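Structure, as structure tokens:
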Amino acid sequence: MLKDIFKILSDSELVGYILQGFLNSLAITVIAALLGLLLGFIVAVVKIMPSNKWSKIPKCICGIYTTVFRGTPVALQLFIMVFAVFAIPGFKPYAAILTFGINSGAYVSESIRAGITSVDNGQMEAGRALGMTWFQTMCRIILPQAIKNVIPAIGNEMIALLKETSIIGWIGSTPGDITFDLNAAANTIYRSIPNYLASGVLIGCCYLAVVYVMVFAIKLIEKRFAKNER
């Protein structure tokens, strides 16, 4: 096993595949995560805003959105978005980013909504009693408290998003993710079971290293918020 790993790492062409796929996976994850955070925040706010005749339709749309994207496999969503909704030549990588971002937004929205509802209802009433609007109270009082409650959940979603990018290679995306590029290289350069196994170990180590860094960053953010409360 170790001999096969060293043989793969000694090949400059294969190392190039690894680095390119690794950077692609990170880029896709970061962009999709930002899209998911933005979309999740908007959906969460819409779902908890006071009910009136103007909010019924947006609330219904957001409810359908979260139900569909949380209730269906992300692989199915990816295939539909790439080969049906955005079946445009050369648009596969961007369709993949949109898919992962929209899927992540459905989960993030529920995490943010749960964090907001965990704040005592009396604080909203106190803010309104001071003359602030619902939106001002939400931004100045509720959200600052809710953010620290949802950091672990959002961090877990970001980690899951990174690992989900490993299926992008199934759609033949170019450039692909780390799994697709590394497997393609192993398939063309080394046609043997030990080398496939070695390439799989390298892929796992790359993902594990990034996940460890993300977990460490999340813990630092949690400690920072905890220190500010004292």
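These figures come from a predicted structure and were not determined experimentally.
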Residue pairs involving residues 120-142 (criterion salt bridge (Lys or Arg N to Asp or Glu O under 4.0 Å); sequence neighbours excluded): none
In one Ile/Leu/Val/Met/Phe/Trp/Tyr side-chain cluster, 4.5 Å: Ile159, Leu35: no
Ile48 CD1 to Arg113 CZ distance, which is reported to the nearest 0.5 Å: 9.0 Å
Residues in ring pair (Phe, Tyr, Trp, His ring centres under 6.0 Å) contact with Tyr65, at least two apart in sequence or another chain: Phe69
Beyond-backbone contact of Ile167 with Phe100, side-chain heavy atoms, under 4.5 angstrom: yes
Exam field: side chain Lys92 to backbone Phe83, donor-acceptor pair closer than 3.5 Å: no
With Phe91 via ring pair (Phe, Tyr, Trp, His ring centres under 6.0 Å) - residues at least two apart: Phe86, Tyr94
Spacing of CG belonging to Leu143 relative to CZ belonging to Phe135, to within rounding of 0.5 Å: 8.5 Å
Interatomic distance, Met49 atom CE to Met138 atom CE [nearest 0.5 angstrom]: 10.0 Å
Pairwise distance CD1(Ile154) to CD1(Ile218) - rounded to 0.5 angstrom: 10.0 Å
Exercise: identify the closest heavy-atom pair between Ser55 and Pro50: OG-O, 3.3 Å
Hydrophobic cluster (4.5 angstrom, side-chain heavy atoms) - remaining members for Leu130: none
Minimum heavy-atom distance Val82-Ala95, with the two atoms named: CG2-CB, 4.0 Å
Worked verdict on Ser51 versus Lys56 for side-chain contact (heavy atoms from CB on, under 4.5 Å): CA-CA 7 Å; Ser51 297; Lys56 288 182 179 180; 6.0 Å; no
Met124 to Trp134 - nearest heavy-atom pair and separation: CE-NE1, 3.5 Å
Cluster companions of Ile61 among Ile, Leu, Val, Met, Phe, Trp, Tyr (side-chain spacing under 4.5 Å): Ile57
Euclidean distance, Tyr107 OH relative to Arg70 CZ, rounded to 0.5 Å: 6.5 Å
Joint hydrophobic cluster, Leu78 plus Leu161, side-chain heavy atoms closer than 4.5 Å: yes
Cluster check Leu38, Val108: I/L/V/M/F/W/Y, side chain < 4.5 angstrom: yes
Ala209: partners by side chain to side chain contact (heavy atoms under 4.5 Å, CB included), with sequence neighbours left out: none
Ser109 to Ala44 - nearest heavy-atom pair and separation: O-CB, 3.4 Å
Any residue meeting side chain to side chain donor-acceptor pair (under 3.5 Å) with Thr66, in chain and number order, not counting sequence neighbours: Lys47
Nearest heavy atoms of Gly40 and Ile112, plus distance in Å: C-CD1, 4.1 Å
Steps toward side-chain contact (heavy atoms from CB on, under 4.5 Å) verdict (Met158, Val211): CA-CA 9 Å; Met158 298 302 102; Val211 168; over 6 Å; no
Verdict with supporting geometry, Ile102 and Leu39, side-chain contact (heavy atoms from CB on, under 4.5 Å): CA-CA 7 Å; Ile102 294 172; Leu39 188 58; 4.3 Å; yes
Stepwise side-chain contact (heavy atoms from CB on, under 4.5 Å) test for Thr165 and Tyr207: CA-CA 11 Å; Thr165 60; Tyr207 277 112; 3.9 Å; yes
Residue list, side chain to side chain donor-acceptor pair (under 3.5 Å) with Gln77, at least two apart or on another chain: Thr72, Asn103
Distance-only donor-acceptor check, side chains Glu157 and Ser111, under 3.5 Å: no
Sequence-distant partners of Ile141, side chain to side chain contact (heavy atoms under 4.5 Å, CB included), two or more places apart: Gln123, Met132, Thr137, Gln145
Connected via hydrophobic side-chain network under 4.5 Å: Phe41 and Leu98: no
Cluster check Val46, Val119: I/L/V/M/F/W/Y, side chain < 4.5 angstrom: yes
Minimal non-hydrogen separation, Ile97 against Ala32, with atom names: O-CB, 3.8 Å
Thr29: side chain to side chain donor-acceptor pair (under 3.5 Å) partners, not counting sequence neighbours: none
Nonpolar side-chain network containing Val30, other nodes, edges under 4.5 Å: Leu34
Residue list, side chain to side chain donor-acceptor pair (under 3.5 Å) with Ser118, at least two apart or on another chain: Asn149
Point-to-point distance, once rounded to the nearest 0.5 Å, from CZ of Arg224 to CD1 of Ile151: 11.0 Å
